[in-house]
Number of protein chains: 2
Amino acid sequence: MARAKTLKSDISIEAVLEAALELFSSQGYGATSMRQIAEKAGVSVGNIYHHFKNKELIFQRLLDRYWEIVLDPELKLNRIFSKAEFPDDLEDLADAIEEVVNNHSRKILLIYVDVIEFRGAHIRKFYETMAVRFEAQYGKNLAKRKKKGELTGGDPLVGVMLAVRWFFYFFTVEKSFGVPMHFGMDNRQAIDEFIRIMRYGVLPRGNDGRQPDKLHG
Amino acid sequence: MARAKTLKSDISIEAVLEAALELFSSQGYGATSMRQIAEKAGVSVGNIYHHFKNKELIFQRLLDRYWEIVLDPELKLNRIFSKAEFPDDLEDLADAIEEVVNNHSRKILLIYVDVIEFRGAHIRKFYETMAVRFEAQYGKNLAKRKKKGELTGGDPLVGVMLAVRWFFYFFTVEKSFGVPMHFGMDNRQAIDEFIRIMRYGVLPRGNDGRQPDKLHG
DNA sequence: CATAACAAACCGAACGTTCGTTTTGTAATT
DNA sequence: AATTACAAAACGAACGTTCGGTTTGTTATG
């Protein structure tokens, strides 16, 4: 099959996916009709079914695209991961995550749609394998730094994951929940505070007489 | 109007709200029909409209109930807030938040439904006033402790809000996203690590040569 | 090069249902 | 008798998917 046909298909498929992304992320999955998608994409309902077997496969495809993006080694965020310089990379992590959230906020909303309407069926694997992915990227280097006394506490991998997950969530609330400055300050300031807390904690250093490895109370 | 009529009404209203909560939190708002709610509640569609003007008011009512719960001064979590003992109260905060999330996970999912289907219209106020509420509870005591050198860094109120919001999010992912142990460890362990990081940070204390108030890089 | 056959892209109506809300009653309570 | 709780049918739509075509692009053939 030659190029013109492929091109026509690709254009229609892309229009359908784009329309569906906009509608699913602003109405939910079940409340979005195929007619709405068709109208928004500028194609017929029959044509959608020519390219996609059913509605759920459209949804699945959109989420798969998001996983492709966030797992792409060329993504700025993943390049920071591969350098494994935590906690020195916290500022860079925050910036890169803000960029991902700003560029892909609608796809991120699909995660919540999935949680509600599919009980997380299409996102489970990504979250279940999260710890393993971070271990693969940061494990070696963190172990080395811990051994050299450059990091303290328990498993430093938790620090990485906490920071990353938190930044994703924070920027999503700011952008998609419609509550900018929900910490009572602008993003930059809030991120600086988070980073400080993650690096140094909230308890003073030096003459506080408390041991870092002793749990309180 | 006397008691028997009120009782009948209350029973029906409660059944409708309970049915709607289950359906909205597992299907989304737009994909849940009034006939489904009626059937699940064991009443007629007409009867729902007798008690509620329209579908959205049911949804609104459910969220209002959640705000009532989380803002109730008698709630264990709010009693911890009122004592304002951060960061000593971190363990208690985590426990109380886990309890809220476990008891009200469906209502919490409505927040995400609102973000997607109503662009956060019914939840905005709660998040917008978050910082102010924390300031009212913790502001005075944190300022005192900071002045006495018991806390370090910038605004300690950020530490409280970070902890609380993070705990809510973490437990929600564990419970409602269907990915228990998504940090590669059980809840208890993960929470212990978070608390340690929030108190002491990930950088060692003592001979690290870095000043806590100096931003990195 | 022109043409016919073929395959894929595309369309819109139809199938068998379902929807939010209103209307018109009945039953129960006051 | 008046009011409230409740039910079921009706109003004016809308839905996921299939079906029976039409249109467009490609390939094979003379």
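So you know, we letter chains A, B, ... as the sequences are listed, proteins then strands, and number each from 1.
Scanning for ring pair (Phe, Tyr, Trp, His ring centres under 6.0 Å) contacts around A:F52 gives an empty result, with sequence neighbours left out. Residues forming a ring pair (Phe, Tyr, Trp, His ring centres under 6.0 Å) with B:F168 (at least two apart in sequence, or on another chain): none. Every residue two or more places apart in sequence or in another chain that forms a salt bridge (Lys or Arg N to Asp or Glu O under 4.0 Å) with B:R106 is listed here: B:E18, B:E22. Residues passing the salt bridge (Lys or Arg N to Asp or Glu O under 4.0 Å) test with A:K144, sequence neighbours excluded: none. Every residue two or more places apart in sequence or in another chain was checked for a salt bridge (Lys or Arg N to Asp or Glu O under 4.0 Å) with A:R119, and none qualifies. Under the ring pair (Phe, Tyr, Trp, His ring centres under 6.0 Å) criterion, A:F167 pairs with no residue, sequence neighbours left out. For A:E56, the salt bridge (Lys or Arg N to Asp or Glu O under 4.0 Å) criterion is met by no residue, not counting sequence neighbours. Residues passing the side-chain contact (heavy atoms from CB on, under 4.5 Å) test with B:V115, sequence neighbours excluded: A:L109, A:F177, B:I123.
Remark: C1' of D:dT24 and NZ of A:K5 are 6 Å apart, rounded to the nearest angstrom. To the nearest angstrom, P of D:dT4 lies 17 Å from CG of B:L7. Put simply, NZ on A:K8 is 5 Å from P on D:dG25, counting in whole angstrom units.
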So which protein N/O to nucleotides 9-14 of chain D N/O distances come out below 3.5 Å?
| unit_1 | atom_1 | unit_2 | atom_2 | d |
| --- | --- | --- | --- | --- |
| D:dA10 | N6 | B:R35 | NH2 | 3.4 |

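Within the structure, the salt bridge (Lys or Arg N to Asp or Glu O under 4.0 Å) test picks out no pair touching residues 37-53 of chain B (sequence neighbours left out).
Scanning residues 47-61 of chain A for heavy-atom distances under 4.0 Å to DNA chain D yields A:Y49, A:N54, A:K55. Proximity of residues 10-23 of chain B to DNA chain C (heavy atom under 4.0 angstrom from any strand atom) is not detected for any residue.
Residues B:F183 and A:Y127 keep their aromatic ring centres 6.0 Å or farther apart.
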